[in-house]
There are 2 protein chains.
Amino acid sequence: MQTRLVEYFLALEREGHFARAAAQCNVSQPTLSAGIATLESQLGKRLIRRDRKYAGLTPEGEAVLPWARQLVAAAEALGQAAETARGPLKGELRLGAIPAAMPAIGCLATAMLERHPGLNISVRALTSRQIERELAAFELDAGLTYLDFEPPAHALSVPLYAERAMLVSAVDGVSIPAVIDWADVAGLPLCLLHQGMQNRRILDARLADRGLALRPLVTADSYVALLGLVQQGRLCSIIPDSHAALLDGLRWARTAPLPDMGEGSRVGVIVSDSAPMGPLAQAVLAVARGLRLPPGFAPV
Amino acid sequence: MQTRLVEYFLALEREGHFARAAAQCNVSQPTLSAGIATLESQLGKRLIRRDRKYAGLTPEGEAVLPWARQLVAAAEALGQAAETARGPLKGELRLGAIPAAMPAIGCLATAMLERHPGLNISVRALTSRQIERELAAFELDAGLTYLDFEPPAHALSVPLYAERAMLVSAVDGVSIPAVIDWADVAGLPLCLLHQGMQNRRILDARLADRGLALRPLVTADSYVALLGLVQQGRLCSIIPDSHAALLDGLRWARTAPLPDMGEGSRVGVIVSDSAPMGPLAQAVLAVARGLRLPPGFAPV
DNA sequence: AGGCCTGATAGAAGGGCGCTATCAAGGAAG
DNA sequence: CTTCCTTGATAGCGCCCTTCTATCAGGCCT
């Protein structure tokens with residue numbers, strides 16, 4: 001059983017297309033085609049449903065999929081472990097972070113780089129669910145996400161800070177009363193993240209506890225989009241306090257505290273615990289444990 | 001990265017000897033030698049320390065070892081999953097059980113066979129620590145062991161029964177008072193398991209709670225050996241009640257209850273949870289959950 | 001010194017995997 | 001209906017990698 005062939009299989013499953021999968025593997029289309037055929041003959045079962053084009057996996061293919069991922073992840077980790085048994089870490093560290101945690105990723109990434117100069121870091125903004133799925137599929141080495149509201153499964157975590165929500169508006173826009181309660185907030189013209197994102201679900205859940213619901217006029221999937229909307233003056237928004245530092249220099253923006261909602265939401269680093277821990281994951285956890293975040297990030 | 005080469009590496013680590021490892025892999029010695037060399041050159045690091053003979057692993061080799069196990073386990077599970085995606089389970093189910101649980105393994109194994117006729121089962125008597133280690137090294141599919149006293153790490157468990165200790169003696173041997181307390185027991189001429197076995201450690205711990213210590217005249221690593229000693233008449237012993245059923249027909253043996261020690265020790269099935277669960281492990285857990293043990297095994 | 005056990009090396013045979021070029025089957029558009 | 005494009009399979013060939021048998025070199029023991 002060659003790891004190479006299993007990689008073909010995984011690429012094909014990702015892409016749903018022979019030629020594109022071949023390109024992703026840096027081989028020709030017939031090579032990948034033959035590779036899949038070899039794999040299937042070695043296993044004695046068809047893994048791919050075809051009717052003149054790719055048509056999904058057979059039941060056997062589905063059954064095999066998690067093990068295929070496990071296999072290539074083990075192969076990659078084996079190489080990593082050999083390279084970094086002694087001496088510095090090398091290679092690419094794949095980090096996923098929810099948008100709300102993006103301001104903190106800078107601290108984590110620079111601390112990692114400082115500690116392990118040989119490292120390359122790739123950061124992607126993902127939803128908490130994507131992070132969980134990609135960690136399980138070994139497409140990420142570590143994630144930065146909420147720890148408590150919908151706790152990620154099969155993960156080890158290191159909390160970094162507690163996030164609180166802030167109200168943000170334009171100085172010449174909607175007028176915000178000096179003291180507001182949650183009912184006032186629900187009455188404001190809001191733009192918020194859409195409900196696919198955990199930050200929004202947490203906010204909704206906390207307001208539902210108080211019998212309230214937010215009816216945003218606009219929803220978006222990025223804080224940049226929200227700030228762009230707020231800048232127009234007609235809307236205000238709710239953003240994590242970790243973003244407040246980034247807004248510090250802006251003339252047009254004004255942040256206001258929201259009524260207390262109790263504890264903030266803990267945000268932290270998670271890695272997969274479904275296998276012996278790889279050197280990258282170990283390093284990330286170690287750095288996260290020793291990390292001193294700048295003021296503006298409330299300690300947990 | 002070829003799975004084959006990694007298997008060579010694992011065999012070599014197990015055997016500590018090139019030629020024997022080669023035999024175990026059904027290849028010639030030069031083939032294995034070259035395979036290891038290939039693996040090392042692909043990784044760019046030496047994995048094996050040699051000075052005219054095998055001399056252990058290098059640090060890189062040690063670092064790589066768990067991933068190598070993970071890789072071949074994933075490859076094997078992949079094949080298993082493909083074969084058994086639909087249709088009955090096949091192949092060999094490797095069970096490990098502590099000696100104390102051997103009487104129960106019959107129920108488990110026959111229930112597995114009944115449910116999955118295509119299966120072959122291999123049972124080995126191991127200490128609880130060996131079971132834990134071999135599960136982690138993917139050399140066992142499931143184990144039958146104590147769940148509570150020294151809880152196995154990285155394992156999912158299904159409790160089966162609670163074990164209590166019994167005093168066993170020969171009818172014409174040492175005389176046993178009708179009612180005894182623990183101090184009496186400590187004064188009897190005893191033969192027991194040695195301290196490498198968890199059953200003994202549990203017993204010792206419970207007596208230590210009462211300020212007592214057992215001083216067996218003979219220790220052994222099997223209940224058969226203990227019974228052989230008891231049969232001679234000079235010694236008595238302490239065995240799990242699950243063995244009492246096996247002694248039922250024996251003329252020479254007499255079992256007596258011991259003073260109550262509170263709850264029995266839970267015994268159950270464990271499987272590794274450090275990877276997606278294989279079909280064998282799933283099947284064992286499912287059968288264990290539905291298992292009805294005969295009287296003589298106290299329910300948990 | 002001789003025999004052995006250890007692991008490495010040499011040279012040949014075989015097979016597996018890679019490539020380019022081409023084909024067969026549908027589907028969409030004119 | 002014809003034509004072209006897309007999608008995946010096939011053919012033919014070459015190269016490299018793995019494997020084998022046979023042999024060698026270095027220690028260790030007698």
Side-chain angles (χ1 to χ4, degrees), chain A residues 1-58 60-61 64-65 68 71-72 75-76 78-79 82, chain B residues 1-58 60-61 64-65 68 71-72 75-76 78-79 82:
Chain A
M1 172 110 29
Q2 325 263 105
T3 302
R4 177 47 66 95
L5 301 186
V6 180
E7 284 171 21
Y8 293 171
F9 172 68
L10 288 182
L12 181 53
E13 192 272 336
R14 271 199 306 275
E15 295 294 320
H17 191 285
F18 277 70
R20 278 200 296 275
Q24 211 176 69
C25 295
N26 299 311
V27 295
S28 68
Q29 171 265 315
T31 296
L32 185 130
S33 207
I36 297 290
T38 302
L39 188 61
E40 289 180 324
S41 89
Q42 281 179 1
L43 295 175
K45 307 273 178 179
R46 291 192 87 68
L47 301 175
I48 309 289
R49 283 204 329 261
R50 306 121 146 132
D51 61 334
R52 301 297 138 213
K53 57 182 280 189
Y54 177 86
L57 302 181
T58 62
E60 285 85 1
V64 147
L65 186 55
L71 192 151
V72 307
E76 197 167 323
L78 196 158
Chain B
M1 171 111 27
Q2 326 262 105
T3 303
R4 172 59 56 93
L5 301 186
V6 180
E7 284 170 23
Y8 293 170
F9 172 67
L10 288 182
L12 181 54
E13 192 272 336
R14 271 198 307 274
E15 296 294 320
H17 191 284
F18 277 69
R20 277 199 296 276
Q24 212 177 67
C25 296
N26 298 312
V27 294
S28 69
Q29 172 267 314
T31 296
L32 186 130
S33 208
I36 296 290
T38 301
L39 188 61
E40 289 180 325
S41 88
Q42 280 180 2
L43 295 175
K45 307 273 178 177
R46 294 192 85 67
L47 301 175
I48 309 291
R49 284 208 324 264
R50 306 121 146 130
D51 62 332
R52 300 296 138 215
K53 55 183 283 191
Y54 177 87
L57 302 181
T58 62
E60 286 85 0
V64 147
L65 185 56
L71 192 152
V72 307
E76 196 167 324
L78 197 157

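Letters A, B, ... mirror the listed sequences (proteins, then strands); counts begin at 1.
- Taking 4.0 angstrom as the limit, A/Ser28 places a side-chain polar atom (N or O) nearer than this to OP1 or OP2 of C/dC19.
- Per the geometry, CD1 belonging to A/Ile36 stands 12 Å off P belonging to C/dC17, to the nearest Å.
- The two residues A/Leu39 and A/Leu5 have their closest heavy-atom pair at CD2-O, 3.9 Å.
- For D/dC17, neither phosphate oxygen OP1 nor OP2 lies less than 4.0 angstrom from any side-chain nitrogen or oxygen of B/Arg4.
- Rounding to the nearest 0.5 angstrom, the gap separating the CG atom in A/Leu65 from the CD atom in A/Glu13 is 4.5 Å.
- If you take CG of A/Leu39 and C1' of C/dC17, they are 14 Å apart, rounded to a whole angstrom.
- Between A/Gln2 atom CD and C/dG16 atom P the separation is 10 Å, expressed in whole Å.
- Contact check, B/Thr31 against D/dT18: no side-chain N or O comes under 4.0 Å of OP1 or OP2.
- A/Gln29 comes within contact range of at least one nucleobase, with a heavy-atom separation under 4.0 Å.
- Proximity of B/Tyr8 to the phosphate of D/dT19: a side-chain N or O atom is located under 4.0 Å from OP1 or OP2.
- If you take NZ of A/Lys53 and P of D/dT6, they are 13 Å apart, rounded to a whole angstrom.
- For B/Arg50, a side-chain nitrogen or oxygen approaches OP1 or OP2 of C/dA8 to under 4.0 Å.
- In terms of heavy atoms, B/Gly35 sits closest to B/Tyr8 at CA-CD1, 4.0 Å.
- Between A/His17 and D/dG8, a side-chain N or O to OP1/OP2 separation shorter than 4.0 Å is present.
- Atom pair A/Glu15:CD and D/dG8:C1' shows a separation of 16 Å (rounding to whole Å applied).
- Following rounding to the nearest Å, A/Arg20 (CZ) and D/dT6 (P) show an atom-to-atom distance of 12 Å.
- For B/Arg49 and C/dA8, the CZ to C1' distance is 19 Å, given to the nearest whole Å.
- Between the P atom of C/dA25 and the CZ atom of A/Phe18 lies a distance of 17 Å, rounded to the nearest Å.
- An OP1 or OP2 oxygen of D/dT18 is reached within less than 4.0 angstrom by a side-chain nitrogen or oxygen of B/Thr38.
- Atom NE2 of A/His17 is separated from atom NZ of A/Lys53 by 8.0 Å, given to the nearest 0.5 angstrom.
- The shortest non-hydrogen separation linking B/Ile48 to B/Glu40 is N-OE2, 3.1 Å.
- For B/Pro30, whose side chain is taken as the heavy atoms from C-beta onward, the closest listed nucleotide among C/dT9, C/dG7, C/dT20 is C/dT9.
- In the set C/dA8, C/dG7, D/dT18, C/dA8 carries the atom at the smallest distance from any side-chain atom of B/Ser33.
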